[in-house]
Every structure is written in C-alpha cells, then in structure tokens.
> 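My questions all concern the structure below.
To find a chain, count down the sequence lines: A is the first, B the second, and so on, and within it residues start at 1. Atoms considered below: every heavy atom in the structure, side chains included; atoms not considered: hydrogens, waters and symmetry mates.
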Protein chains: 2
Amino acid sequence: MGRNRATLADVARRAGLSKTAASMVLNGREGTRLSAEAHQRVFAAAEELGYRPNLAARSLRTRKTATIAFVSDIVATTRFAGGLIRGALDAARERDHVLLITETQGDATFEQYAIEAMLDRQVDGVIYAAMATRRLTVPPAILGGPVVLLNATSADGLPCVLPDDDRAGRSVATALLEHGHRDAIALIGRNRLKEDDPEVSLAARARLRGIQQALGDAGVSLLAECFCTEWLPEHGYAAMRGLLSRPSRPSAVICMNDRLAFGAYQALGEAGLSVPDDISVISFDDDPIAAWLRPSLATTALPHEQMGRRAVELLLDGGAAEPSLVAMPLRRRRSLAPPAG
Amino acid sequence: MGRNRATLADVARRAGLSKTAASMVLNGREGTRLSAEAHQRVFAAAEELGYRPNLAARSLRTRKTATIAFVSDIVATTRFAGGLIRGALDAARERDHVLLITETQGDATFEQYAIEAMLDRQVDGVIYAAMATRRLTVPPAILGGPVVLLNATSADGLPCVLPDDDRAGRSVATALLEHGHRDAIALIGRNRLKEDDPEVSLAARARLRGIQQALGDAGVSLLAECFCTEWLPEHGYAAMRGLLSRPSRPSAVICMNDRLAFGAYQALGEAGLSVPDDISVISFDDDPIAAWLRPSLATTALPHEQMGRRAVELLLDGGAAEPSLVAMPLRRRRSLAPPAG
DNA sequence: AGTGGTCGCTAAACTGATTTAGCAGAGCAT
DNA sequence: ATGCTCTGCTAAATCAGTTTAGCGACCACT
C-alpha cells in the first residue's frame, strides 16, 4: 500500500530547493520570503511527482491527524445509525478529516480497548454516540481532548447533540388537532422505565411532555394511554387490540415510534378498520417502513444526518456548551384525516 | 488528545536501559540477549508509566498502521450495511486492527478523494464494499496494496466475498417443495436489468438460477413470473394484485426480496387472503421487517456479519483467489404451510 | 569603512518509534 | 599474552515530515 510514493525530499530535490522551502511552499505559509519562482518550481515538482504528504510523518511532528474517532455503543451497525454516520462523514470530508469508527456493543472491555486503540492513533477528537437518546457516563480516558456526545448527554456538561423530541411531541399533537381530532386521541407507548430513567431514554419523556403540552394548551386530554414494555411492533399490535376492545373507539392514535405504529396497523387491518378513514395514526422516527406502509405513515423524522453533521461541526469548529437540539421535521403522509362522522 | 503520554524514552530512562532495549523487550523480540532482569525492569516501567506506543511514530518506521480502509459506495449508511461493518469491526478487533470508514455515494470525485485520504494515512489494506451485490471496476489507486471486494466482484480476479445467492435460491424453492407445493408456485421480482447486467446485480441472476434448478430437479415449473422494475414494496404489491386477478391462484409465492414480500402481504391483506393458509410466502434477505410481519416471513438471510468478517480475514490472513461464498441461512417462519385443500 | 536591515534561502533539530551495526567485558583456548 | 567467541547491552541511523535558528548576499546609511 502506497509504496513508491514521492517524499518531500524528492520534491525539494527536483525543484532544486531545500526540504524547508518545499514544506513551506506546499503548506502555503505566510511571511516566508520565498520567491514567486521558487513557489512555481515547488508546485511543478509536486505535481509532476504526484506528491502526497505522509500523514503519519506529519502528525508525528504536529500532533494533528485530521482523524476523528467515532465511538458508539451499538449505533454504528443498526438501521438507525446510517444517517448519523453519513452526516458525520460528510461534515468531516468538508473539513478534510476522516472517521475512525468503532463499536463497543455496550461492553466495557470492548469500550476500553476501542478508546485506547483510537488514542494510540492520535485522533484529534472523539464523537461518542449512543443508539438510544439517553444520559450516560463518559469513560474518563477520552476526557483528555475534545469530545462531543451524539444522541446523548452526560452529567459533565460536555457539548452534545440531541434530537428535539419535545418539539416533535408538540408537532405530532398539533398535527392531530389541526385535523380536528380532540377528545378521542389515544397514545400508544407509555413506558415508566423509559420516561423516568434518563440513562435509559430521554426521548420518551420529552415526546410525552411535548404531546401533553400541545394538547393541554388546546384544552384537550387523552382518551387513553397504553403502556408498552418495549417499543416493538408486537407491543403496538397488542396495545391497539386493547384499544379496539374498549367501548369508545379513538379517532386518532399517537404511537411513540414507527415500529409500534407498524404493529398498530396490523391490528387495525385484522379488525377491518381503515387508516385514516376510521382512525388516524401518527408517530415518531421516520423509519423506512413508515413510507412503505399502506397508507404511508405520518411521523416526525429523527434528523440523523443533521445530527451527525452537527457533532463534527461542534467538535472541529467549537460551539456552544448547551445541548445542541436538532429539529425533527414532521412528515405529513396519508395516515392523517379528520375524524369520521 | 493524548497529551502527556509517556514515550519509549521515558520507559527506557525509568528502567535504566536504552530505548533499544526497551523497544525490543516490549515487542517481545526473539533472540535478543537481554537478561530476565532487564525484561522485568522494562515491563515494570511501562506499567508504572501507563506507556502506550505512539502508532504514528511506529508506522513511520514500520510502514504498518494496523488500520484498514473500509470504502463503500453507499453501504456504510444503510440498514443493510450494519452487519457488514459489524463483522468487519469484530474481525479487525480480534487482530488489533481498526477501521477507517468512508462512503463515496457513488460519486467518482468523492471516491477519488476518499481513497487518497486513506492512502495518505498509510492504511494496510482496503476493503471495497458495494451495497448491491454486483461486478464493478476497482479504482486503480488502490491496486498498490492488498484489496478485498465485499459484496462485489471485479474483472481483475481480486479476492472477494459474496453471499451464496444461488444456493439460497435452491433453499427457498426446496422449502416450498418440502411443504408440498408443486405446480402453483409463482415468482415475484423478475427483472431483466438485474438479471442480465452483472454491473447492476449478481443476486437476481443467481437467485433465479437456484430456484429454477431446484424446481427443475423436481420436475416442477413456475405457475407465473412477475416482472418488477424495482424491488420495493409498491412493486410487490402491484405484482401480487396482478397474480390474484388471474384465474388460477398460486398456492405459494417466492419474492426476490423481503421488501417485495412486504408489498405482497399488503395486497393479500386487502384481498382478505390469509398467509399461510391461503398462500405461502418466502423470500430473500432477512430484512428486520421479515420478523415483524404477521405472520412472520420465511426468508434466507443475507449473512452480512459473516461477510464483513470474512473480508477482514481474507485481507489480513490472506486467502484463496476464488470468490469466497458465504452461505445464506434459511429462516423458517410462519409464512409457510402446505397448500390449501 | 563599518553597521544594520532586508531578502531568499538552508542546515539541523525535532517528533517517537524500530532497526542496524557494533562495543565492552567475560570466558576460554592456544 | 593473544585471539576468539559469546553475552548483554547501546549509539546512531532511519522513517517523512515541520520548525527553529541563522547564513550569505546585497543595499542603504552614517
């Protein structure tokens, strides 16, 4: 790999100048008194030789590697992670940086190992990402340099990037109100653990609060709230069946995420009910399935790409200490309609 | 990041030995004549100082970085990619290596840039991954060192890792035969472009061939074959509606991937037909939705994790030149039953 | 003539590791 | 006493850059 690469010494020799001169010219150093002709010769020589600096050698002296560590618990390899990484990659590329990615799988030994491996490679900073939006404790080893938390916060007040779940909750509730739903709105996906323990989730509480605020402002209260032990399709299915067995059927349902909504759709389909004519459905995340469902599912998108991008920007360009909240856009789709009758 | 790290010189000084001695001891060099006591002192000093070698410095000398480039067109950030990366990460970790990940988004300029960025960092080798299993042309820049193609082949005969779609096709067909389906099996997802142009897809042709062979061996031929311009839910939906409008209804349907099957489920649900009592369904990929569908969808899993792992093994441990085929396990689920009546 | 400043450039130190070449001392045979 | 080998260790070169310190030539001014 990369054998036979021309070195700075080669360039200097060809240009008939010293390594010093070549280095300064190629780095565009101000204030050197090298002649225009010297500049020409160096650029020409570099061009002819296809010179590219050896970054290992450079970083040995400068202590900069133009490399960022992206450490995540498990985010790197899930469907939710794609956007985070893509946004980070894009922003990194724009700044001539590159990403060293690892995953700890929630294992402390792996984490320790991963962080050491990154630090040994002299990364310029660390992005520490979590799959579920939550509060976590940052391993002390990475506190020696720049760190940004992605989809997470910590007690240390480190810079962090979070989705604006609170506002998303309000958008979702407001969308239903706008369609005329009022006193027959049900909620699927209440979960004490997620709501009460910030180390488990920050999203559940924020989404719930947003929903409650928007409904409260409109003088509306929820018809029913279903608790779910997990936010998976099967739980949404069970919850929806529960709702349908009650005397008063809801006109609209808010699901705490799209997978619950997927399960809810299944239950509605089996019951012979139509979305949105009988019941409107709206949720959170904008999982790919949301657009595939029939009818397509209205939801608020987790702005993964924006978040990944923001994390890199915060890390390299510096930024505010308070949490950087990224808006979750509402995707208006076919699952919304005014209440029947 | 990593300021104040102890250097080898620090360790040597503390041990009362030369850098040479310290280096040799810490690298476990055979044949040095350093005393047992010298070994002790070096290890103790390294331990006390928390010494970790600076890999930039080491690689300057050794031309090894213990870093692998993972370059993909778009795989890194899609739901399908997770496993590839995870497998690669695991195998890399086991060999004390780390992954530098980039995505080209199919853009030649980005690709050029990404590859240069990796080579500038002296990576030990490149894994070049594609989202769709296909044949591609490798950029010449990476041919200077070890390369492994992941989910792709090339005309250059480079080592590559592919899913065994042919065998998966046979598994799928065989599973239906085992359930007693014979002359009423339909296929959804024929696509000339995918089948005929290896630069678009290798999977379509291989899956089809596997299916045809297994059915042919049993003396069975397909009841119907539906062509789809893409392999998305909407196309599966349309194809299934088409099938149901024909005089003879199939007893089982093979879908070329799970997204098509998802669409087919939707059409079946609307038509009031039951899976698997009225029609069995089986497909390919083992997308997460396959397990979430009701009833759960039988499918053959793309062995992403295994593939990513294999790529790293091939790259670092060397291996056969012929394509390394990874088996696609059959996931037997609820969507299979004997034909009705 | 001597002094000082600017211009255009370079030698050498430095980064932190690995590796080559070789030195000092002990033991042994001649 | 000399030469030889073996043991246990080290000095210095090397990798490919960046950076510091400063050199020689030329000019202007007193």
Side-chain angles (χ1 to χ4, degrees), chain A residues 1-42 45-46 49-67 96 119-124, chain B residues 1-42 45-46 49-67 96 119-124:
Chain A
M1 209 92 263
R3 305 149 308 183
N4 314 336
R5 285 171 54 125
T7 70
L8 184 64
D10 296 330
V11 172
R13 197 173 311 118
R14 186 175 189 107
L17 289 164
S18 67
K19 279 196 324 178
T20 310
S23 171
M24 287 172 154
V25 168
L26 292 175
N27 287 313
R29 275 272 281 260
E30 309 275 322
T32 89
R33 296 180 300 238
L34 292 161
S35 64
E37 203 226 328
H39 278 77
Q40 292 296 337
R41 292 216 308 272
V42 170
L49 296 173
Y51 171 72
R52 302 220 99 223
N54 178 327
L55 296 193
R58 170 180 290 169
S59 75
L60 186 54
R61 187 79 236 259
T62 62
R63 328 205 123 256
K64 296 234 162 292
T65 50
T67 302
D96 270 343
L119 296 183
D120 290 351
R121 286 167 179 82
Q122 319 292 122
V123 295
D124 294 341
Chain B
M1 210 94 262
R3 305 148 307 181
N4 313 336
R5 284 166 60 120
T7 70
L8 184 64
D10 296 329
V11 173
R13 197 171 312 118
R14 185 173 190 108
L17 289 163
S18 68
K19 283 195 323 178
T20 311
S23 173
M24 288 172 153
V25 168
L26 292 176
N27 287 312
R29 277 271 283 259
E30 309 275 322
T32 88
R33 296 178 299 241
L34 292 161
S35 64
E37 203 226 330
H39 277 77
Q40 291 296 337
R41 292 215 308 271
V42 170
L49 296 173
Y51 171 73
R52 304 219 99 222
N54 178 328
L55 296 193
R58 170 181 290 170
S59 74
L60 185 55
R61 187 79 237 260
T62 61
R63 331 208 120 255
K64 296 234 163 293
T65 51
T67 302
D96 269 344
L119 295 183
D120 290 350
R121 285 169 181 80
Q122 319 293 122
V123 295
D124 293 342

> What is the distance, rounded to the nearest whole Å, between atom CG of B/L60 and atom P of C/dT19?
12 Å
> Quickly work out the B/H39 NE2 to D/dG8 C1' distance and round it to whole Å.
12 Å
> Keeping A/T65 on the side-chain end and A/S59 on the backbone end, is there a donor-acceptor pair under 3.5 Å?
no
> For B/R5 and C/dT15, give me the distance from atom CZ to atom P, rounded to whole Å.
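Answer to the nearest Å: 16 Å.
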> Between the side chain of B/T62 and the main-chain N/O of B/R58, is any donor-acceptor distance below 3.5 Å?
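Judged by distance alone, yes, a pair lies under 3.5 Å.
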> If I take atom CG in residue A/L55 and atom C1' in nucleotide D/dC15, what distance separates them, rounded to the nearest angstrom?
15 Å
> Tell me whether the side-chain N/O atoms of A/N27 come closer than 4.0 Å to OP1 or OP2 in D/dT18.
yes
> A/R29 side chain N/O closer than 4.0 Å to the phosphate oxygens (OP1, OP2) of D/dT19?
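Checking A/R29 against D/dT19: at least one side-chain N or O falls below 4.0 Å of OP1 or OP2.
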> Mind calculating the distance between CZ (B/R58) and P (D/dA16) to the nearest angstrom?
18 Å
> What's the verdict on side-chain contact (heavy atoms from CB on, under 4.5 Å) for A/N54 and A/T7, showing C-alpha distance, side-chain angles and the deciding distance?
CA-CA 8 Å; A/N54 178 327; A/T7 70; over 6 Å; no
> Could you state the atom-to-atom distance from CG of B/N54 to C1' of D/dA16 in whole Å?
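For the pair B/N54 CG and D/dA16 C1', the rounded distance is 14 Å.
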> Roughly, in whole Å, what's the span from CZ in A/R63 to C1' in C/dC14?
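It works out to 11 Å between those atoms.
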> May I have the step-by-step check of side-chain contact (heavy atoms from CB on, under 4.5 Å) for B/R52 and A/L119, ending in yes or no?
CA-CA 9 Å; B/R52 304 219 99 222; A/L119 296 183; over 6 Å; no
> Do the non-hydrogen side-chain atoms of A/Q40 and A/V25 ever get within less than 4.5 Å of each other?
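No, their side chains stay 4.5 Å or more apart.
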> Just how far, in rounded Å, is P of D/dA16 from CG of B/D120?
14 Å
> Reading nucleotides 6-13 of chain C 5' to 3', which nucleotides get B (base under 4.0 Å from a protein heavy atom), which S (sugar-phosphate only), which -?
-BBSBBB-
> So, A/T67 and A/R121: side-chain donor and acceptor under 3.5 Å apart, yes or no?
no
> Base, sugar-phosphate or nothing for A/T62? Non-hydrogen atoms, less than 4.0 Å.
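Result for A/T62 = sugar-phosphate.
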> List in chain and number order the residues that pass salt bridge (charged side-chain N to carboxylate O under 4.0 Å, His left out) with A/R13, two or more places apart in sequence or in another chain; answer none if no residue qualifies.
A/D10
> Which nucleotide in the set D/dC15, C/dT18, D/dG17 lies at the smallest distance from any side-chain heavy atom of A/L8?
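So the side chain of A/L8 is nearest to D/dG17.
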